[in-house]
A.B. asks: 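First the structure, which I've put down as structure tokens, then a few questions once you've had a look.
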Amino acid sequence: MTIALCSDHAGYELKKKVIEHLHERGIQTHDFGTYSEESCDYPDFAHPCAIAVESGKFDCGIAMCGTGNGINITLNKHQGIRAALSWTEDIARLAREHNNANILVMPARFIDEETALRIVDVYLDTPFEGGRHQRRIDKIPVI
Ligand code: RB5
């Protein structure tokens, strides 16, 4: 499994912890940036990450900014992306079970590291339920 990651400066420190955690789980990663805590603009990293996940080159993505909102809004501009802003384990579980989210988004300034890593684990270990949820997902793209 290979996971694409992206963040802005507000999510940089948490992203490093998430990458470490993924490597400990034996998961490969590709970091689309940013690569420091220097102030930057989240769309510069969200768009390349979204395009890469959409292309099928990665199994899924994990993204974060301060609130999660800016990066989440940007990722969801891509038709093939279902990015889910998740700040609890239950929301992350439902993002997989019901929304088959292909990018997990977290609010780095509003959750602690321990919570974030638990959210990552729940997201990765929860399968999509399919059924009625697949029908709803099929109706999401703007046609
Ligand atoms: C950066 O200060 C902050 O605005 C950004 O990380 C994010 O919260 C935007 O939605």
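Remember, it's 1-based here, ligands and their atoms both numbered in the order they're listed. All of these numbers come straight from a predicted model, not from anything done at the bench.
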A.B. asks: Compare all side-chain heavy atoms of Leu5 with those of Leu22 and state whether any distance is below 4.5 angstrom.
C.D. replies: yes
A.B. asks: Is at least one protein non-hydrogen atom found at under 4.0 angstrom from atom 4 (O) of ligand 1?
C.D. replies: no
A.B. asks: If Ile, Leu, Val, Met, Phe, Trp and Tyr residues are connected whenever their side-chain heavy atoms lie under 4.5 Å apart, and connections chain through other members, are Leu85 and Phe45 in the same group?
C.D. replies: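 Cluster IDs for Leu85 and Phe45 differ.
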A.B. asks: At less than 4.0 angstrom from any non-hydrogen atom of Ala10, what atoms of ligand 1 do you find?
C.D. replies: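 Those qualifying, in numeric order: 6 (O).
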A.B. asks: Can you find a heavy atom in the side chain of Leu75 that is under 4.5 Å from one in the side chain of Glu54?
C.D. replies: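 Not touching, per the 4.5 Å side-chain cut-off.
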A.B. asks: For Met106, which of Ile71, Asn72, Ile62, Thr115 qualifies under side chain to side chain contact (heavy atoms under 4.5 Å, CB included)?
C.D. replies: Ile62
A.B. asks: Hey, which atoms in ligand 1 end up nearer than 4.0 Å to a heavy atom of Gly66?
C.D. replies: 5 (C), 6 (O), 7 (C), 8 (O)
A.B. asks: Nearest protein heavy atom to atom 7 (C) of ligand 1, by residue and atom, and its distance?
C.D. replies: Cys65 SG, 3.4 Å
A.B. asks: Can you find an N/O atom of Thr67 closer than 3.5 Å to an N/O atom of ligand 1?
C.D. replies: yes
A.B. asks: Got an N/O contact under 3.5 Å between Gly70 and ligand 1?
C.D. replies: yes
A.B. asks: Within 45° of the six-membered ring axis of Tyr35 and under 6.0 Å from that ring's centre, is NZ or CZ of Lys15 located there?
C.D. replies: yes
A.B. asks: Below the 3.5 angstrom mark, is there an N/O of Tyr42, backbone or side chain, next to an N/O of ligand 1?
C.D. replies: no
A.B. asks: Look at atom 2 (O) of ligand 1 and say which protein heavy atom is nearest, naming residue and atom and giving the distance to 0.1 Å.
C.D. replies: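 Nearest protein contact, heavy atoms only, for atom 2 (O) of ligand 1 is Arg109 NH1, 3.3 Å.
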A.B. asks: Are any of the side-chain heavy atoms of Glu38 and His9 separated by less than 4.5 Å?
C.D. replies: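 No, too far: nothing below the 4.5 Å cut-off.
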A.B. asks: Which ligand 1 atoms are under 4.0 Å away from a heavy-atom of His9?
C.D. replies: 1 (C), 2 (O)
A.B. asks: Examine distances only and state if a side-chain atom of Arg82 and a backbone atom of Asn100 form a donor-acceptor pair shorter than 3.5 Å.
C.D. replies: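 Yes, the answer is positive, given that a donor and an acceptor are paired below the 3.5 Å cut-off.
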A.B. asks: If you count the atoms of ligand 1 from 1 in the order shown, which ones are under 4.0 Å from a heavy atom of Asp8?
C.D. replies: 1 (C), 5 (C), 6 (O)
